[in-house]
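Below: one structure, written as structure tokens.
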Amino acid sequence: MSDETTFSDGLLVGLTPEQREAVMSPGRRLLVRATAGSGKTHVLTLRIQRRIADQEVASDQVLAMTFTRKAGDELRKRLFRAGIRDLRAGTFHRTALTIVTQYREDHHLKPLAIEASRRRLVTALATQLRASGDLVLEDWQLPRIEQEVGWALSQGFNGALYAKAARKLRRDAPLAPAQFADLLDRYVGLCRSRGVLDFDLLLSEAITLLRDEPDVLASFRHRNKSLYVDETQDMNPLQFMLLRQMAGDDPDLFCVGDPNQSIYGFNGANPQLLNEIVRTWPDTVVLDLTRNHRSTADIIEVANTLLEDGAQGITPAKHDGDVPMVRSYNTDAEEAQHVATWLSAKHQPGSPWRSMAVLARTNAQLELVASHLDAANIPNERRGPEHSPASDLFNAPETSSRRLDDDHRDAVALSTIHRAKGLEFHHVAAIGWAEGQLPNYNATTDAELAEEQRLAYVALSRAENSLLITWSRGRNDPRYPDRSPSRFLAPIEEAIRAIDARNAPLTGEARKARLAAIRAELESSEALAAPRGSPTLRE
């Protein structure tokens, strides 16, 4: 444990009662459901710091699991500044790689190679199947094959389990259930024969070692006595299986997540796994952080229109800022040009370029925006793979102050919504809110459309002070000759109209009625406060 680690009551100043409870709770198992902008990373950091300072756990016995390299870097940076140097933080995949690598080194086994591109493996399998005559897969089928392999492995399925689940769920799969089940087993066999693991098979290998090798499990639990999981809503069943093996029946466990920000369904993520935590460890204390400290009240009101029915209400802590705007354009070029103009207007003292972002559903939508920003001499940069799942697998975390203090340059961030999750900006332009773009044309089922709605919510909740939402009719674009506005825009525009109506100055009879009501309220207050027999306001 670091001698520099301290914790004082002053660190609790400014916390809400709910945040304070999450930091100070003596419970061994906590699940914190934290809305966007509720300070969850701050709470998680303070809880680790407090528990180390109170000697409830040593810093080198803490393992914090995140879902991106960016999140792990941010957590280490905050704790580094608090004097905590030897805590381990990284993705589930990096934890799995550590387990597998250590086992193979201990047993003098050849290291397994990690293959980041499942497409290469699927292509190799297709070649094998063609050569054997067992199954002919066309090239256009391979992306769907790759996607379905990923989904099956993220659920922890082998061929037999996949076939059963696919029939029950009526999966829209590229092959019949029995045929794909055989292909899935062949895929795993191909990887084994080549001595390679894809990202999901890496998790499976770690699960197997923890389950079947008592020494591996004992060593892991001796070294990792306190487990933390950030962005828990991004967990898929395979990752939960790994957590279950690591944690055991009586874990020291802290999980934080927001079901409204579960946007990795393509990776098998399921927000219902938050409930599975409570079912697995029934004495888990559940806390809710519902106060948004990031965005203005108007932005929150607009973003809340995208919450699913039954979602817990979110309350704002800020009330200044611009009313969000929705704008439509005839062409994508007009949309990109006006976004550049809007960003230029926001570039003022106190609002550097790096405080702004353009968010889109896909990378392709950002190309035209980038060209218009370049033409306007607006510096911009793409947010890259450090914001993606398993993004730290080939980049070992560094704990040097140089790495931890490395910030992005002063440039507008251009990012897909997926890669922007967890980030925040003063000014956000959310582009491409047309049917086929957001929601994406590939989203057809109720579950997929619900995830697109959560994705839209994530985009809007990145904004702190001002928000511009745009869409283009796509005229002159042969692919999309006449787009229609996103289905998500109607409630947003209704909310904006309500905000404008509240802010509009009163005139005519409405003004007279309001003044009369204020006068009556004042008279009533004075009458109650005045001593008996003293004159009232009217007198």
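Both backbone and side-chain heavy atoms feed into the values below; hydrogens, waters and symmetry mates do not.
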**OP:** Indicate yes or no: at least one non-hydrogen side-chain atom of Thr280 is less than 4.5 angstrom from one of Phe240.
**Re:** yes
Original post:
Does Glu276 reach the side chain of Asn270, with side-chain heavy atoms less than 4.5 Å apart?
Top reply: no
Original post:
Between Asp73 and Lys70, does at least one N-O distance fall below 4.0 Å, as a salt bridge requires?
Top reply: no
Subject >> Arg454 side-chain N/O to Ser262 backbone N/O, donor-acceptor pair under 3.5 Å >> reply: yes
Original post:
Measuring from Leu109:CG to Thr101:OG1, what's the distance to the nearest 0.5 Å?
Top reply: 11.5 Å
**OP:** State whether the side chain of Asn440 and the backbone N or O of Asn442 hold a donor-acceptor pair below 3.5 Å, judged by distance alone.
**Re:** yes
Original post:
Below 4.5 Å, heavy atoms only, C-beta onward: do Arg192 and Leu197 meet side chain to side chain?
Top reply: yes
Original post:
So do the side chains of Lys421 and Tyr264 get within less than 4.5 Å of each other, counting heavy atoms only?
Top reply: yes
**OP:** Would you mind checking if Arg28 and Asp283 are paired as a salt bridge, meaning a charged N to carboxylate O distance below 4.0 Å?
**Re:** no
**OP:** Mind running salt bridge (charged side-chain N to carboxylate O under 4.0 Å, His left out) on Arg76 and Glu74 for me, showing each step along the way?
**Re:** CA-CA 6 Å; Arg76 279 190 297 274; Glu74 177 63 23; over 6 Å; no
Original post:
Do His372 side-chain atoms and Leu368 backbone N/O form a donor-acceptor pair below 3.5 Å?
Top reply: yes
Original post:
Rounded to the nearest 0.5 Å, how far apart are CD of Glu115 and CG of Asp198?
Top reply: 8.5 Å
Original post:
Does a side chain donor of either Thr362 or Gln365 reach within less than 3.5 Å of an acceptor in the other side chain?
Top reply: yes
Original post:
Side chains of Leu184 and Asn158: closer than 4.5 Å at any heavy-atom pair?
Top reply: no
Subject >> Closest non-hydrogen atom pair, Leu210 against Leu217 >> reply: O-CB, 3.6 Å
**OP:** Would you indicate whether the side-chain heavy atoms of Glu205 and Leu201 approach each other to under 4.5 Å?
**Re:** no
Original post:
Which pair of heavy atoms, one from Ala34 and one from Asp258, lies closest together, and at what distance?
Top reply: O-CB, 2.9 Å
Original post:
Is the closest basic N to carboxylate O distance between Arg119 and Glu146 below 4.0 Å?
Top reply: yes
**OP:** Say whether, by atom type as modelled, one donor and one acceptor occur between the side chain of Ser355 and the main chain of Pro352 under 3.5 angstrom.
**Re:** yes
Original post:
salt bridge (charged side-chain N to carboxylate O under 4.0 Å, His left out): which pairs involve residues 206-225, sequence neighbours left out?
Top reply: none
Subject >> Flag, side chain of Gln233 to backbone of Pro271, donor-acceptor distance under 3.5 Å >> reply: no
Subject >> CA sep, side-chain torsions, deciding dist, call: Trp151, Tyr162, side-chain contact (heavy atoms from CB on, under 4.5 Å) >> reply: CA-CA 10 Å; Trp151 179 82; Tyr162 170 85; 3.9 Å; yes
**OP:** Decide yes or no on side-chain contact (heavy atoms from CB on, under 4.5 Å) for Met356 and His347, but give the supporting numbers first.
**Re:** CA-CA 9 Å; Met356 309 176 197; His347 186 232; 3.8 Å; yes
Original post:
Does a side chain donor of either Arg51 or Ser226 reach within less than 3.5 Å of an acceptor in the other side chain?
Top reply: yes
Original post:
CG/Leu112 to OH/Tyr103 distance, rounded to the nearest 0.5 angstrom?
Top reply: 11.0 Å
Original post:
Got a donor-acceptor contact below 3.5 angstrom from the Glu231 side chain to the Thr66 backbone?
Top reply: no
**OP:** Enter the distance from Asn275:CG to Thr284:OG1 here, rounded to the nearest 0.5 Å.
**Re:** 11.5 Å
Subject >> Neighbour count above 12 (heavy atom, 6.0 Å) for Asp249 CG >> reply: no
**OP:** Assess Arg85 against Phe80: is NZ or CZ under 6.0 Å from the centre of the six-membered ring, and within 45 degrees of the ring's axis?
**Re:** yes
Original post:
Take atom NE2 in His222; do more than 12 heavy atoms of anything else shown fall under 6.0 Å from it?
Top reply: no
Subject >> Gap between atom CD1 of Ile431 and atom CG of Leu366 - 0.5 Å precision >> reply: 5.5 Å
Original post:
Hey, does the side chain of Trp281 reach the backbone of Leu30 with a donor-acceptor pair shorter than 3.5 angstrom?
Top reply: no
Original post:
Donor-acceptor pair, Thr35 side chain versus Ser38 backbone, under 3.5 Å?
Top reply: no
**OP:** Step by step, work out the side-chain contact (heavy atoms from CB on, under 4.5 Å) result for Val188 and Leu153.
**Re:** CA-CA 10 Å; Val188 174; Leu153 294 179; 4.3 Å; yes
**OP:** Would you mind reporting whether Val32 and Glu18 have side-chain heavy atoms less than 4.5 Å apart?
**Re:** no
Original post:
For Val229 and Gln239, what are the C-alpha separation, side-chain angles and deciding distance, and is it a side-chain contact (heavy atoms from CB on, under 4.5 Å)?
Top reply: CA-CA 11 Å; Val229 183; Gln239 289 161 335; over 6 Å; no
Original post:
Do any N or O atoms from the side chain of His418 and from the backbone of Ile263 form a donor-acceptor pair under 3.5 angstrom?
Top reply: yes
Original post:
Are any of the side-chain heavy atoms of Ser25 and Arg47 separated by less than 4.5 Å?
Top reply: yes
**OP:** I would like to know whether Asp86 and Ser59 meet side chain to side chain donor-acceptor pair (under 3.5 Å); could you show each step before the answer?
**Re:** CA-CA 6 Å; Asp86 44 6; Ser59 58; 2.4 Å; yes
**OP:** Output yes when a side-chain donor or acceptor of Arg29 lies under 3.5 Å from a complementary backbone atom of Pro251, and no otherwise.
**Re:** yes
Original post:
Which distance, rounded to the nearest 0.5 Å, do you find between the CG of Asp106 and the CD of Gln102?
Top reply: 4.5 Å
Original post:
What are the two closest heavy atoms between Leu274 and Leu31, and how far apart are they?
Top reply: O-CD2, 3.4 Å
Subject >> Heavy-atom closest contact (Ile299 atom, Leu460 atom, distance) >> reply: CG2-O, 3.8 Å
**OP:** Could you pull out the closest heavy-atom pair between Val428 and Ala459, with the gap in Å?
**Re:** CG1-O, 4.2 Å
Original post:
For Asp410 and Trp353, which heavy atoms make the closest approach, and how far apart are they?
Top reply: OD1-N, 2.9 Å
